[in-house]
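Please read the structure below before turning to the comments.
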2 protein chains.
Amino acid sequence: MHTDAIAWSPAGGVRLLDQTLLPAAVRYLEIDGIDRMVEAIRMLRVRGAPLIGIAAAMGLAAAAEQRAAAAGSSGQGRAAEAEQAGLTAGWLRAAAAQLAAARPTAVNLSWAVERMRRVGEAALQSGERPAAVAARLRAEAQAIWDEDAAMCAAIGRAGVELVPAGATILTHCNTGQLATGGIGTAFGVILAAHREGKGIDVVADETRPLRQGGRLTAWELARAGIPARVIVDGAAGALMARGEVDLVITGADRIAANGDAANKIGTYALAVLARAHDIPFYVAAPWSTFDLTLASGDAIPIEQRAAEEILDSAAGVRGYNPAFDVTPAELITGIVTDRGVLRPPYAAAIAAAAA
Amino acid sequence: MHTDAIAWSPAGGVRLLDQTLLPAAVRYLEIDGIDRMVEAIRMLRVRGAPLIGIAAAMGLAAAAEQRAAAAGSSGQGRAAEAEQAGLTAGWLRAAAAQLAAARPTAVNLSWAVERMRRVGEAALQSGERPAAVAARLRAEAQAIWDEDAAMCAAIGRAGVELVPAGATILTHCNTGQLATGGIGTAFGVILAAHREGKGIDVVADETRPLRQGGRLTAWELARAGIPARVIVDGAAGALMARGEVDLVITGADRIAANGDAANKIGTYALAVLARAHDIPFYVAAPWSTFDLTLASGDAIPIEQRAAEEILDSAAGVRGYNPAFDVTPAELITGIVTDRGVLRPPYAAAIAAAAA
């Protein structure tokens with residue numbers, strides 16, 4: 001199942017649901033060219049680790065198509081056509097680098113654009129015409145999207161067994177259709193448990209500063225008909241203390257080889273609180289979120305965002321606004337992936353899943 | 001030192017700084033009568049456990065003065081004058097009860113209005129004229145205010161020794177001049193440490209949903225020239241994990257006889273996180289915050305506020321919005337009071353301080 005968060009635009013380009021306006025307004029953007037896709041990713045018009053990978057891939061494919069269409073067939077030979085179209089290896093590398101740099105923490109973004117770059121360069125090296133190169137890029141972006149949808153479905157199937165009947169599930173940020181190419185990661189598990197009739201109830205952290213929980217997860221929960229309450233982030237601990245949370249599940253933006261997981265700011269605190277209250281804490285993510293080049297979470301780059309997201313006026317003090325934090329593997333009960341539920345010790349489990 | 005958060009209005013009534021508009025606008029309200037003071041307290045135009053006690057006391061005194069002024073001297077005897085003025089024991093009890101019910105969690109509110117009621121009833125029983133009764137009420141409200149300012153100063157003196165040189169202090173909500181009748185409680189300790197040249201640095205939780213940290217504490221920190229950063233509530237744990245917090249200090253709205261402390265939602269999570277990171281966690285409060293009639297925090301009533309404070313639109317889900325949580329005594333390193341720093345075991349320390 002594909003979400004309406006993203007689509008190929010009939011006009012060429014990519015159609016994005018502007019998530020900064022939700023839930024007040026459902027408005028679509030026509031994204032044309034690399035610069036505009038970078039802006040949309042940076043401003044969180046499209047967000048969610050898997051979805052920004054998909055969006056970047058589609059943006060790159062759409063930009064290549066437009067170059068190919070403008071070039072047409074010159075009859076001067078394929079290399080000259082590619083040059084004329086500007087659809088060269090140099091352009092491809094620059095566009096891929098620009099997209100990958102839009103946000104630093106989620107590895108899915110660089111993973112997806114790197115995959116696109118390799119496909120495009122291979123097509124160029126084998127002397128394909130611009131239109132054929134662009135078609136290959138579009139097919140690859142579509143594959144990334146389709147595979148993510150399949151990974152979400154697999155995550156939901158794998159994770160549903162972790163959810164006891166009647167459980168109250170606490171989640172953070174947004175991990176659903178608005179964050180992925182399918183039913184979601186942590187949200188995919190929630191949706192699967194709901195559809196199996198487990199009678200679950202969800203508590204959604206609003207997730208300051210950008211309120212992806214209060215705006216986006218709330219919207220998705222309501223559309224799915226799942227009983228849910230939104231809380232401020234500071235209330236999660238008090239709910240746990242009162243025995244009102246049975247399990248916590250979040251997404252991830254990058255998972256290191258030892259199982260340390262970067263995710264939206266506030267996730268680490270939830271993991272500490274869950275441990276203090278003996279509540280299982282799960283992370284759900286597709287395989288594209290794992291970065292086996294990093295030994296531990298210490299090496300994950302953490303995006304620092306502008307203080308204006310926190311401070312709505314010139315209060316005269318600074319803001320400090322890291323967008324993510326890292327939850328150490330020892331606080332994670334299990335990692336739900338499309339390759340099954342990984343359990344500690346994670347280094348071994350992740351290596352086995354990679355093999 | 002008195003804050004400009006509250007004043008006797010030259011027009012009669014009470015002048016309040018409307019804290020819901022800070023820091024964008026500095027606007028004063030002229031509060032006339034019990035109903036308007038209840039509204040101001042309920043809507044958090046005036047807030048902070050000590051300050052709402054002061055505001056309620058001043059509001060009661062001002063309402064009594066207006067009744068006394070309207071009555072004048074009828075020459076029909078004192079009891080008849082009081083009756084005519086409507087300045088009766090019945091009115092006093094009803095007004096006190098109405099004010100005390102405006103918000104349920106902070107005990108300072110009921111403590112202050114109960115003190116006012118006793119003084120007023122004693123004056124009425126001894127047959128004083130309405131103007132004299134009103135004057136006694138005004139003097140008592142002023143005493144409550146002055147005593148709070150003195151308690152804040154004493155808290156600052158007692159707490160300053162807990163702050164190491166160069167410490168980064170994390171605080172939650174607002175506990176300064178906008179929350180008290182003086183320099184503040186937790187903020188009083190921060191201000192005292194700053195004035196002693198300890199070279200401190202403050203991290204202020206923004207404190208959702210009403211952002212008393214991001215709006216009010218930030219404003220007070222800037223006015224005091226204290227180096228400070230505002231963070232979202234979810235970032236506190238990640239900062240602690242990186243070793244960037246040396247101590248946590250918050251206020252309290254009610255402290256039970258065993259040391260359990262109710263405070264703004266999010267405080268409990270901070271205490272759990274501080275314990276997990278071996279960071280001292282202090283509570284600062286005047287003696288008027290202790291409720292020795294409650295054996296433990298389980299008995300503290302927790303105010304539930306409207307979901308609209310969290311959810312800015314009809315997202316189709318419910319909100320759950322407790323305004324406070326309770327931190328168990330075992331997570332509190334020390335309680336800084338105007339009677340000194342209390343240390344565990346708190347039941348004994350509190351009983352000794354009460355004696």
Side-chain angles (χ1 to χ4, degrees), chain A residues 23-24 172 202-209 211 214-215 217-219 221-223 226-241 244 264-273 275-277 302 307 309-322 324-326 328, chain B residues 23-24 172 202-209 211 214-215 217-219 221-223 226-241 244 264-273 275-277 302 307 309-322 324-326 328:
Chain A
H172 193 66
V202 173
V203 174
D205 274 354
E206 74 166 341
T207 317
R208 281 282 292 163
R211 301 185 64 257
R215 295 188 299 110
T217 301
W219 193 65
L221 287 163
R223 296 212 308 175
I226 302 173
R229 290 169 290 171
V230 173
I231 60 170
V232 294
D233 303 319
L239 254 75
M240 291 184 193
E244 295 187 28
K264 182 58 55 201
I265 189 77
T267 303
Y268 167 71
L270 284 182
V272 172
L273 287 162
R275 173 61 53 90
H277 296 89
I302 299 296
E309 287 183 354
I310 304 178
L311 291 165
D312 48 5
S313 71
V317 297
R318 289 166 294 151
Y320 177 62
N321 188 19
F324 302 93
D325 57 29
V326 175
Chain B
H172 193 66
V202 174
V203 174
D205 275 353
E206 73 167 341
T207 317
R208 281 280 295 164
R211 302 186 63 259
R215 294 188 300 109
T217 301
W219 193 65
L221 286 164
R223 297 213 307 176
I226 301 173
R229 290 170 290 172
V230 172
I231 59 170
V232 295
D233 303 318
L239 254 75
M240 291 184 193
E244 294 187 28
K264 180 60 53 203
I265 190 76
T267 304
Y268 168 71
L270 283 183
V272 172
L273 287 162
R275 173 62 52 89
H277 295 89
I302 299 295
E309 288 183 353
I310 305 178
L311 291 164
D312 47 5
S313 71
V317 297
R318 290 167 293 152
Y320 177 61
N321 188 20
F324 301 93
D325 57 28
V326 175

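The model shown is predicted, which means the values in this text are computed figures rather than measured ones. Just so we're on the same page: letters track the sequence lines, and every chain starts at 1.
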Quiz item: What heavy-atom pair brings A:G214 and B:L311 nearest, and what distance separates the two atoms?
Solution: O-CD2, 3.9 Å

Practice problem: Taking side-chain contact (heavy atoms from CB on, under 4.5 Å) as the test, write out the residues that go with B:A236, two or more places apart. | Solution: B:L170, B:D205, B:I231, B:L270

Exercise. For each of A:A228, A:G319, A:G237, tally heavy-atom pairs with chain B at distances under 4.5 Å, and name the one with the top tally.
Key: A:A228

Quiz item: Taking A:P227, A:P328, A:G266, A:A204 one by one, which has the highest count of heavy-atom pairs under 4.5 Å against chain B?
Solution: A:G266

Quiz item: Has the side chain of A:R208 got a donor or acceptor atom that lies under 3.5 Å from a matching backbone atom of B:T207?
Solution: no

Exercise. Begin with the C-alpha distance, continue with both residues' side-chain angles, and end with the deciding distance and a verdict on side chain to side chain contact (heavy atoms under 4.5 Å, CB included) for A:V232 and B:I265.
Key: CA-CA 9 Å; A:V232 294; B:I265 190 76; 4.2 Å; yes

Quiz prompt | Among B:D233, B:L273, B:V202, residue most engaged with chain A (heavy-atom pairs, under 4.5 Å) | solution = B:L273

Practice problem: Could you tell me which residues satisfy side-chain contact (heavy atoms from CB on, under 4.5 Å) with B:A241, sequence neighbours excluded, listed by chain and number? | Solution: A:Y268, B:H277

Exercise. Let me know if B:L239 has heavy atoms under 4.5 Å from chain A in its side chain, its backbone, both or neither.
Key: side chain

Quiz item: Where is the tightest heavy-atom contact between B:G234 and A:A269, given as atom of each residue plus distance?
Solution: O-CB, 4.4 Å

Quiz item: Where does A:A276 contact chain B at under 4.5 Å (heavy atoms): side chain, backbone, both or neither?
Solution: side chain

